[in-house]
Amino acid sequence: MKHEDRQPIFLAPGQGRSYSMGPISAIFKADGEESAGAYSISEWWLEPHSKGPGAHSHNEDDIFFVIEGTMSFLIGEAWTEAPKGSFVLAPSGVTHDFENRSASRAGVLNISTPGNFEQHMPQIVSWFEQHPPGKTGGS
């Protein structure tokens, strides 16, 4: 799709393409053709005391902005608490993870670049069905 062929997008709160992974959910706002493959934008929500996807790395830069609660991030080998308003960049190839160690729901806005990340979501959902996310301490 050419850049000039793309259409504006307006989504109300909670709208987008939703994926449920037990105590984790994702809502994709723009990806693939909508961004001409340049980026993927999604919200990721974790229920209280929920582990995330596990330590991993990939070829995309992952940018996170905490929009609700406090999320814990692993970047490299160090965990950091990130309250609402925090910005986190996990460059391509850097090991990272996120989890919600708090007693309240937490969410992040995630931008992956380059885009087309959503194409992996069916496999990710299937993986979580076979490997449900664990609980963090303190539940």
Side-chain angles (χ1 to χ4, degrees):
M1 176 176 274
K2 298 176 191 172
H3 287 279
E4 61 269 11
D5 293 337
R6 295 185 307 142
Q7 297 297 311
I9 298 171
F10 174 85
L11 298 172
Q15 287 185 322
R17 294 174 300 277
S18 297
Y19 298 90
S20 178
M21 296 154 276
I24 302 173
S25 61
I27 305 170
F28 278 73
K29 306 296 187 175
D31 188 45
E33 290 184 1
E34 297 156 334
S35 71
Y39 54 84
S40 172
I41 300 177
S42 55
E43 293 177 13
W44 289 77
W45 294 92
L46 277 70
E47 295 302 320
H49 305 292
S50 296
K51 291 194 177 212
H56 64 283
S57 66
H58 39 71
N59 294 329
E60 301 86 12
D61 279 5
D62 253 343
I63 301 154
F64 300 94
F65 187 80
V66 181
I67 56 178
E68 185 175 311
T70 297
M71 199 74 79
S72 300
F73 283 92
L74 173 70
I75 304 296
E77 296 182 14
W79 282 95
T80 302
E81 297 298 304
K84 181 179 178 178
S86 296
F87 172 89
V88 178
L89 169 63
S92 169
V94 171
T95 299
H96 60 284
D97 190 8
F98 54 93
E99 57 187 39
N100 179 4
R101 298 176 180 175
S102 77
S104 300
R105 186 172 184 244
V108 295
L109 183 67
N110 174 234
I111 301 170
S112 293
T113 183
N116 295 318
F117 182 83
E118 189 176 5
Q119 67 184 339
H120 302 295
M121 288 306 298
Q123 296 92 341
I124 292 169
V125 168
S126 177
W127 187 88
F128 275 114
E129 287 174 354
Q130 297 171 23
H131 307 91
K135 291 283 196 177
T136 63
S139 62

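None of the values given here were measured: they were computed from a predicted structure.
- Nearest heavy-atom pair, Met71 versus Trp44, reported as atom, atom and distance to 0.1 Å: CE-O, 4.4 Å.
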Pair Met21-Met121, side chain to side chain contact (heavy atoms under 4.5 Å, CB included): steps then yes or no: CA-CA 10 Å; Met21 296 154 276; Met121 288 306 298; 3.8 Å; yes

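- Expressed to the nearest 0.5 Å, how far OH of Tyr19 lies from OG of Ser25 amounts to 12.5 Å.
- Considering every non-hydrogen atom in both Asn100 and Ala106, the closest pair reads ND2-N, 3.4 Å.
- A donor-acceptor pair is defined here as one N or O able to donate and one able to accept, closer than 3.5 Å; such a pair exists between the side chain of His56 and the backbone of His96.
- Phe98 pairs with exactly one of Val66, Leu74, Leu46 by the side chain to side chain contact (heavy atoms under 4.5 Å, CB included) rule, that one being Leu46.
- Atom CD1 of Ile63 and atom OG of Ser112 lie 8.0 Å apart (nearest 0.5 Å).
- Rounded to the nearest 0.5 Å, atoms CD (Gln15) and NZ (Lys29) are 7.5 Å apart.
- The number of heavy-atom neighbours closer than 6.0 Å to CD of Gln123, taken from other residues, nucleotides and ligands shown, is above 12.
- Closest non-hydrogen pair, Ala30 versus Ile9, comes out as CB-CD1, 4.1 Å.
- In terms of modelled atom types and a separation under 3.5 Å, the side chain of Lys51 and the main chain of Pro132 share no donor-acceptor contact.
- For the atom pair Tyr39 OH and Glu34 CD, the distance stands at 8.5 Å (nearest 0.5 Å).
- Remark: Thr113 OG1 to Glu60 CD distance equals 8.5 Å, nearest 0.5 Å.
- Phe65 and Ile41 fall within the same hydrophobic cluster, defined by Ile, Leu, Val, Met, Phe, Trp and Tyr side-chain heavy atoms under 4.5 Å apart, directly or through other members.
- Here the straight-line distance linking atom CG of Asp97 with atom OG of Ser57 works out to 11.5 Å at 0.5 Å rounding.
- Residues Asn59 and Ser92 approach most closely at O-OG, 2.9 Å, considering heavy atoms.
- One N or O on the side chain of Asp31 and one on the backbone of Phe117 form a donor-acceptor pair closer than 3.5 Å.
- Following chains of ILVMFWY side-chain contacts shorter than 4.5 Å, one can reach Val94 starting from Val108, so the two form part of one hydrophobic cluster.
- Follow the hydrophobic side-chain contacts under 4.5 Å out from Phe28 and you never reach Leu109; the two are in separate clusters.
- A single hydrophobic cluster is seen to contain both Ile111 and Ile67, as judged by linkage of ILVMFWY side chains at heavy-atom distances under 4.5 Å, directly or through other members.
- Pro23 is listed as a side-chain neighbour of Pro133, based on a closest heavy-atom distance under 4.5 Å.
- When every heavy atom of Trp45 is checked against every heavy atom of Gly107, the shortest pair comes out as CE3-CA, 3.5 Å.
- Within the 3.5 Å criterion, the main-chain N or O of Phe64 finds no donor-acceptor partner in the side chain of Asn110.
- Residues Phe128 and Ile24 are in side-chain contact: their nearest non-hydrogen atoms beyond the backbone lie under 4.5 Å apart.
- Considering all non-hydrogen atoms of both residues, Arg105 and Glu47 come closest at NE-OE2, 3.5 Å.
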